[in-house]
Amino acid sequence: MSRQATGTAFVALLRRDFLLAYRRRAELLQPLVFLLVVVTLFPLGVGPSPALLANIAPGVIWIAALLATVLSLDSLFRSDFEDGTLEQMVLSGQSLALIALARTVAHWLVAGLPIVLLSPLLAMWMNLPDEGLLILIESLAIGTPVLSLIGAIGGALTVSLKRGGQLLSLLVFPLYVPLLILATSAVSAAVVDLPYTGQLGLMTAGLIASLTLAPFATAAALKLSLS
Amino acid sequence: MNPIYLFFHKTGSPPWFYKYSGKLIPWLWALFLALTIYGLYLGLFVAPADYQQGESVRIMYLHVPTAWMSMMIYGLMAIMGFIALVWRIRIMEVLVISSAPIGAAFTIIALITGSLWGRPTWGTYWVWDARLTSELVLLFLYFGVIALYNAFDEPRKAARAASLMSIVGAINLPIIYFSVEWWNTLHQGSSMGSDGPGIHPSMLLPLLLMATATKFYYGANLLTRARLCLLKQDHRKRWVQDLLSKESN
Amino acid sequence: MSHTPFILAAYLIGAVVLFWAAIAPVISKRSLLRQLKNRQARMEKSQ
Amino acid sequence: MENADLSNKPHMLAVSNLSFERYFDRVFEPVSFELNAGSLLLITGSNGCGKTTLLRLLAGLLEPSEGKIHKDEQPLYAGHFPAIKDDLSVQENILFWMKFMGTRKAGQMTGLCEQVIEEIGLTPVALQEGRTLSAGQRKRCSLARLLFCDESLWLLDEPYSNLDPQGIAMLDRILKTHLNAGGACIMTTHGSLRPEGFDLQECHMISGRERYAGAAA
């Protein structure tokens, strides 16, 4: 049974995901609108004073990014699980970790990247000083893939559950704690001209670690959910 | 079959495990009580008060052992979970599931005693101290595993999902602890170091006694819960039916 | 400000949580056994 | 193990007292059979007796609680779900699966795709989106997989359901060519729809649901 190089399967899967995402463009906006809503709630809640907002800006933007990612994670494998596509993928002999990675990359490009692109707007709203903006974008660029990779494990574990949504956030939030701490401290350090490369370095290490380990955990979770 | 496989196979069979763990439990409880009584006697009455914090340091003999236990149990759950997932040994799955509530109980005690211990010196019950915050995150990890187990309807699949989650959680646990520790020093200057640079030698003995006592407690409680779980799962099987008829007459 | 109330509270709460965590399985095992025995008795009566 | 001699016989698939436990209860009584090339095995049994569970065991989605399965290669499993995306057209769906499963002739992908759609009789709806298909058309679409995948062992879960007479004739044709080419097939059916004109073995399954009679330990 000749199995072509898994590379073509990876590309075929990515192309299909983009096509599907394109066909459901409206649904892509939901997590992003949610992101904007969450950030606008903070000035309404804590008051518009620029100094206060600037102080909490990194935390607020990052927490909003985290919530928006988790919101879009639930549908990561769900539609494939329900119409039997996931079953055939598992049986196709292609490495399941690769399929998990392809789905996660597609999810990041569709849900994570827009957050990075929207961050200047959020920084403006939260009155983040200019020195911090570049580092905010950098930290989001490194951090959002980690959110998708670790979130994919939770998504795969809860895919066969009817009300998997809340359970998914309970599972992944503790795992996001280190990333949140490092990212917000990097941006805050940049704002007051303190060194921030250490935090970004650790986040990149986290990205590489989750890039190599998370797909295997997701693959195991998918096989388990299908059994 | 080679002997090792035979051993696992035999200990893996529920009736065998049920019978022999039953014999072990009373001894574990006895050891737990003995060590606790002796440890508490030393800790509360013999050991000196701390020169800085005064009497409130005596809470250490409960807070520190329970904090250690909460982390140890999660690590054990990950190891047992790995064995359960790879070799599909049902007893390991039952042990993982039965450990989760005990670990959560220890974490809750560690949190409460930690905040009570800090109250006199901090002035409030809760300060985002590094250790307490990590314990809180650990509690969420426990709730995550327990909630995941209860979300599935088929018990074997639920146990495997919980095992996988405890492995993923255990890998992240040290990273969480270091990042929270680092986060705490970032925001609050040097950490409070509530149990002081060096522990007074006479404080060490009760601490170690209590630490071993909590391990026996874990052993006894785990086996009790595992036997209950086996009974609940196998209630239609013959060995449970025989057990019932043997017990009733 | 003496610390004894805090120490007592800490050990009391600790004891209560440990005791409840230890007793819970024993109680549910007893009720499970009773339930299984009734079911078995009903089974024998109906055969 | 007692059935060590399974592997040397020229069987496509050999199963010895296979069973699966769900909720610590046997789903079906242990099943044993052998399947050699060119033969069709029909699995019959009442609803809920574990036919789909058996197929998922053979496909490798489930791990057996008892017994052993010896198979040469990964079989093709066509289950209840047609694996069609509602937002993609029939052609896009089939093209994706051909690329993903890596069929041999990567070059004339579209040509092969046209041919497959022609054979399953969905050419008029080839460009329509998945959600607009009827149950019968969805079933035909899931059977398209049999044409472009080169697995020699097929596991079909009630393939005749929702098919109209032409569909049944089409499936018989595909099945006949597959068996003559040395392939093998295991098919489940509960209703009266049975393949005619094939020399088939039959395996009747008994549900394992004895409520309180002491099931074996």
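Residue numbering restarts at 1 for every chain, and letters A, B, ... go by the order of the sequence lines.
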Pairwise distance [atom1]([X]) to [atom2]([Y]) - rounded to 0.5 angstrom:
X	Y	atom1	atom2	answer
C:Leu32	B:Cys229	CG	SG	10.5 Å
B:Ile112	C:Leu12	CD1	CG	11.0 Å
C:Lys37	B:Leu243	NZ	CG	8.5 Å
B:Leu116	C:Leu8	CG	CG	11.0 Å
C:Met43	B:Gln241	CE	CD	8.0 Å
B:Leu231	C:Leu33	CG	CG	5.5 Å

For a 4.5 angstrom cut-off between non-hydrogen side-chain atoms, does B:Thr113 reach C:Tyr11?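 No, too far: nothing below the 4.5 Å cut-off.
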Do B:Lys232 and C:Lys29 make a side-chain contact, defined as non-hydrogen atoms from C-beta onward lying under 4.5 Å apart?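 They are not in side-chain contact.
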Do side-chain atoms of B:Arg225 reach the backbone of C:Ala21 as a donor and acceptor pair under 3.5 angstrom?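 Between the backbone of C:Ala21 and the side chain of B:Arg225 there is a qualifying donor-acceptor contact (under 3.5 Å).
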Just so I understand: if I count every heavy-atom pair under 4.5 Å between each of C:Val17, C:Leu18, C:Val26 and chain B, which residue has the most?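 Heavy-atom pairs under 4.5 Å are most numerous for C:Leu18.
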Identify which part of B:Phe106 has an atom lying under 4.5 Å from any heavy atom of chain C, answering side chain, backbone, both or neither.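 B:Phe106 touches chain C through side-chain heavy atoms alone.
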Name the region of B:Tyr218, side chain, backbone, both or neither, that has any atom closer than 4.5 Å to a heavy atom of chain C.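 Looking at B:Tyr218, nothing touches chain C.
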Against chain B, label [X] side chain, backbone, both or neither, depending on which of its atoms sit under 4.5 Å from a heavy atom there.
X	result
C:Thr4	neither
C:Ala41	neither
C:Ile7	both

If every non-hydrogen atom of C:Gly14 is compared with every non-hydrogen atom of B:Ile109, which pair is closest and at what distance?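 Minimum heavy-atom contact is O-CD1, 3.8 Å.
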Heavy-atom closest contact (C:Ala22 atom, B:Tyr217 atom, distance):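 Shortest heavy-atom separation between C:Ala22 and B:Tyr217 comes out as N-OH, 3.5 Å.
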Check the surroundings of atom CH2 in B:Trp126: do more than 12 heavy atoms from other residues, nucleotides or ligands lie under 6.0 Å from it?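 Yes.
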